[in-house]
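These numbers come from the heavy atoms of this one structure, side chains and all, not from hydrogens, waters or symmetry mates. Start at 1 with the first residue, then count along the sequence.
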Amino acid sequence: MSDDSEDSEIDFIAEYDIEIEREEPARELLTGRSSPTSSEDVAPHADDPLADEEWTAKYDKEREADEELERKLKDRFNGKVEVREWCLRCKCSNCGIASLQNISECYCCSELEGCIESMKSDLVLQDLFPDDTLTCITEHPGFQAVCLQKWSLRLAAGKYKTKGKQVNRQTGSEESFLRGVSYREFSRLVYGMLGSKRIPLPACAYMAIKKQFPVNKDESLTGFDLDEED
């Protein structure tokens, strides 16, 4: 496997592989056009009821929200919206776009529900002084030990396998290998066992991990890709 695939979050814990199927809404549900009458030409689900106005309105609203989110993330990634407008405002102040590879990585930890819940969990609060409040996920008491310590990551690497069930081995630079393991350890630290579900890290976590394990100038990275295959 090449260096660029190692640095994108594609390895999984084998015992928790889950196959997720996605379906796009059929065009007929939105247009209300009648289905073919010939039994040979009848499409799957042709007998299902057409979408009512409420369903269509909900679908349109969700699609518009997705398109608006994509526009917002593109503006962040392209620098049209300055980092301080979406990070400092959230009091994280550790985000940046210099090391990001695509729009899926342009989130502040303060915008991700999983990160917020993790920072406020009882287990984390036990390690803080009574008046302490975490403002960034990189301040999580487990982040340094779990995500940035070289030997911790070396030992953790054996837990993960590729989608092809192959052992997670170092094939490129050590920095690239450790970054890949660190991304997976971060997800486990914050979200627990995800199986084959994949969630991008916030920008502040990418920044901290790549600072600890720098990207070599000859590396070609693709970044987070939800649909990436081995």
Would you say the side chain of Phe129 lies within less than 4.5 Å of the side chain of Asp132, judging by non-hydrogen atoms? yes
Heavy-atom check, side chain of Ser173 versus side chain of Phe213, under 4.5 Å: no
Please report the interatomic distance OG(Ser118) to NE2(His140), rounded to the nearest 0.5 Å. 3.5 Å
Hey, what do you get for CZ (Arg184) to SG (Cys147), rounding to the nearest 0.5 Å? 12.0 Å
Thr138: side chain to side chain contact (heavy atoms under 4.5 Å, CB included) partners, not counting sequence neighbours: Asn94, Cys136, Phe143, Cys204, Ala208
Does Glu105 reach the main-chain N or O of Gln101 with its side chain, forming a donor-acceptor pair under 3.5 Å? yes
OG1/Thr133 to CE/Met119 distance, rounded to the nearest 0.5 angstrom? 10.5 Å
Mind checking side chain to side chain contact (heavy atoms under 4.5 Å, CB included) for Phe77 and listing every partner two or more places apart, or none if nothing turns up? Leu100, Ile103, Cys106
List the residues meeting side chain to side chain donor-acceptor pair (under 3.5 Å) with Lys120, not counting sequence neighbours, and say none if there are none. none
Connected via hydrophobic side-chain network under 4.5 Å: Ile97 and Leu73: yes
Same apolar cluster (I L V M F W Y, side chains within < 4.5 Å links), Val190/Leu128: yes
How about Glu54: does its CD atom have over 12 heavy atoms from other parts shown lying under 6.0 Å from it? no
Report the residues that fulfil side chain to side chain donor-acceptor pair (under 3.5 Å) with Gln149, sequence neighbours left out, ordered by chain and then residue number. none
Aromatic contact, Tyr183 with Tyr206 (centres under 6.0 Å): yes
With the 4.5 Å side-chain cut-off for hydrophobic clustering, are Trp86 and Ile137 part of the same group? yes
Between Asn78 and Lys80 (side chain of the first, backbone of the second, donor and acceptor by atom type, cut-off under 3.5 Å), is there such a pair? no
As an exercise, state the distance from CD1 of Ile116 to SG of Cys109, rounded to the nearest 0.5 Å. 8.0 Å
Restricting to side chain to side chain contact (heavy atoms under 4.5 Å, CB included), what partner residues turn up for Arg154, sequence neighbours left out? Lys150, Trp151, Glu174, Leu178
For a quick test of reading the model, state the closest non-hydrogen atom pair linking Ser182 to Leu153 and the distance between them. CA-CD2, 3.7 Å
Flag the pair Arg71 and Glu68 as a salt bridge only when some basic side-chain nitrogen lies within less than 4.0 angstrom of an acidic carboxylate oxygen. yes
Residues two or more places apart in sequence or in another chain: which of them pass side chain to side chain contact (heavy atoms under 4.5 Å, CB included) with Gln144? Leu148
Salt-bridge criterion met for Glu111 and Arg76 (N-O under 4.0 Å): yes
To the nearest 0.5 Å, how far apart are CD in Glu185 and CZ in Arg188? 6.5 Å
Taking all non-hydrogen atoms of both residues, which atom of Ser93 and which atom of Cys87 are closest, and how far apart? N-SG, 3.2 Å
Can you tell whether the side chains of Asp66 and Arg63 come within less than 4.0 Å, N to carboxylate O? no
Carboxylate-amine/guanidinium proximity below 4.0 Å for Glu175 and Arg179: no
Evaluate the side-chain proximity of Ser110 to Cys115: yes if any heavy-atom separation is below 4.5 Å, no if none is. no
Hydrophobic cluster membership, Val83 vs Leu69, 4.5 Å side-chain cutoff: yes
Answer yes if the side chains of Glu139 and Thr135 hold a donor-acceptor pair under 3.5 Å, and no otherwise. yes
Shared ILVMFWY cluster between Leu134 and Leu112, side chains joined below 4.5 angstrom? yes
